[in-house]
Amino acid sequence: MSNQRSKYEHLMYPVDWLEERSGLVGGIKYFLFRKVPGDVNWFQTLGAATLTAFLVQATTGVMLAMYYKPDAKSAYPSIEHITNDLFAGWLVRGMHRWGASVFIILMFMHMGRVFLFGAYKYPRELTWIVGVILVALGLAEGFTGYLLPWDQTAYWATTVGININGTAPFLGPFIAQFLQGGEFINADTLSRFYAIHMLLLPAMIAGLIGLHLYLVIRLGVTSPPWSKEAAGGSNDSEPGADEETHG
Amino acid sequence: MAEDRRVFRERQFKQYKSDVKKRGKPFYPYVMLHDSIMSLMVVGVIVALATIWKWTTPGDHTGIVMHDGVASTEGTSGWLGKLNDDPADPGTISFTPRPDWYFYFLFYLLRIFKWPESVILGTIGIPTICVLLLIAIPFLDTRAERRPLHRPVAMVTGVLVIFSMGMMTYRGATAKESLGSELLGKVPVWAQKEGFATNPKAVAGAKLFAVAGCMNCHVYLGSGASNLGAPELTTEGAQHRGILFQVEHLKCPSCVTKGSPMPAFASQGQANLTLLAEFLEASQGPK
């Protein structure tokens, strides 16, 4: 036994090395083996599902960025090239195109679940606020990404969309001009939307997802409110008052 | 009272943590298994949507079909819509400008709040208020009660919000669109009804009006769509704003009418814009 242990011990050196410097191994262990309420249910997988949809968007987005050309002359042909010529290009583009819808549906479903469970209540208010900002940023991703194929639908829907931003009091005209990169929608608008869509917003979203997850892990997930076994109770009555019935 | 509540909810959270410690289960493998199954389903659905989009597209899944020996993307919508729309053309629109479906509910707000008095409510006001309200929820609802049946206000509000968003999305999706070619056929009727049949410039302007996409937002003698709550133009000429105003307005609507969300049509060129202006000024209502 001791012989076998020493035989494999050197395999652990890199792990020990990493743990000694970063504490990462301990962090991962904490993440994996932390306790969650025993009565969590399938509705509570919607957060993970949303994260997966975001990762699909990030992955397919990077692949598309390798072939997409963000200028008014070549944007449309580059999308055609991706769809028609590249191996599985249609699949990558299609997954990004439809993944966006799935991502947005899942964000709203996840938000609905949290609302139904009353999981936004003390001490999880900040987690909820970060989530609301994530929904807004997700919708902004949808808006900026819609222009990138540079086709008729995209062009005119974005024109109206930008004009709507422009009607906002005080800041409106500046926002509209910032989005367009000028007085009117033009070739610069496309590269500007591209930069916002694939640099600014994804960085913000990734950062806020990190914060969201940190808060979820720090504060724990809630039991379904109707559960008889709900951890910490689920109502205004004194916690622990009905301890006996829990067993 | 506030002090009591704070102490109470802190104690409740402490209880939560001890309950989880005592009766909880580890994230791995239980929760992780469910999360992974759900995630795989998500990826599966996305792949399925992409595949259905591509493989139901006519023309051997390319979206290009031959019409009388000419390659065309006309009528090549699969189950999930066209693979490629026509390239962007700042000069013409021949369809309703539409955002992706998850913005339909926002677009539909523009139908409820009509131009010009309350349009800012529909464009910026309501969405901003909604986001602020969402952020405020945990501070408006500070009770510890989480059981849905004991939170009637929250549940009724939630159901109403979901219902109205669903309804607005549906109405936005099924809003009527008219095709330029159908509208073109109505020009002689318009000319006769509004009495500008003897004004060739106005008639030419009416034809442009029918095909340039104006009627995707504006209504004229009962035709066109009011999707975006743009003003009806049947009696536009009765306001006697003048050709010059109309041309300047078409070139850059928001420069002339502050806050207008209408797109600029400067790319139509001075000559076409003058014809459109002639038509609008001649539209003094049915005679």
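In what follows, every chain begins at residue 1, and chains take the letters A, B, ... in the order their sequences are listed. This one's a predicted model, so the numbers in the text were calculated from it and none came from an experiment.
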Residue set satisfying salt bridge (charged side-chain N to carboxylate O under 4.0 Å, His left out) with Asp141(B), at least two apart, ordered chain then number -> Lys121(A)

If one checks every heavy atom of Val31(B) against chain A at 4.5 Å, the contacting part turns out to be side chain

For Phe43(A), the ring pair (Phe, Tyr, Trp, His ring centres under 6.0 Å) test, sequence neighbours excluded, returns none

Pair count under 4.5 Å, heavy atoms only, with chain A: among Leu83(B), Thr142(B), Val161(B), highest is Leu83(B)

Under 4.5 Å to a heavy atom of chain B? For Ile104(A) that would be side chain

Applying a strict 4.5 Å limit to non-hydrogen atoms, the region of Ala136(A) in contact with chain B is neither

Residues pairing under side chain to side chain donor-acceptor pair (under 3.5 Å) where one sits in residues 31-42 of chain A, two or more places apart or in two chains, turn out to be Asp39(A)-Ser223(A), Asp39(A)-Ser227(A)

Between Lys14(B) and Glu10(B), is there a side-chain N and carboxylate O pair less than 4.0 Å apart?
no

Under 4.5 Å to a heavy atom of chain B? For Val56(A) that would be side chain

So, the part of Leu55(A) with a heavy atom under 4.5 Å from chain B: the answer is neither

If one checks every heavy atom of Phe103(A) against chain B at 4.5 Å, the contacting part turns out to be neither

Filtered by a 4.5 Å non-hydrogen cutoff, the part of residues 143-151 of chain B contacting chain A is Arg143(B), Ala144(B), Glu145(B), Arg146(B), Arg147(B), Pro148(B), Arg151(B)

Okay, Met165(B) and chain A: the region with an atom under 4.5 Å from a heavy atom over there is side chain

From the list Tyr30(A), Phe31(A), Phe33(A), ring pair (Phe, Tyr, Trp, His ring centres under 6.0 Å) with Phe27(B) holds only for Phe31(A)

Greatest number of non-hydrogen atom pairs under 4.5 angstrom with chain A, of Pro87(B), Ala154(B), Pro253(B), falls to Pro87(B)

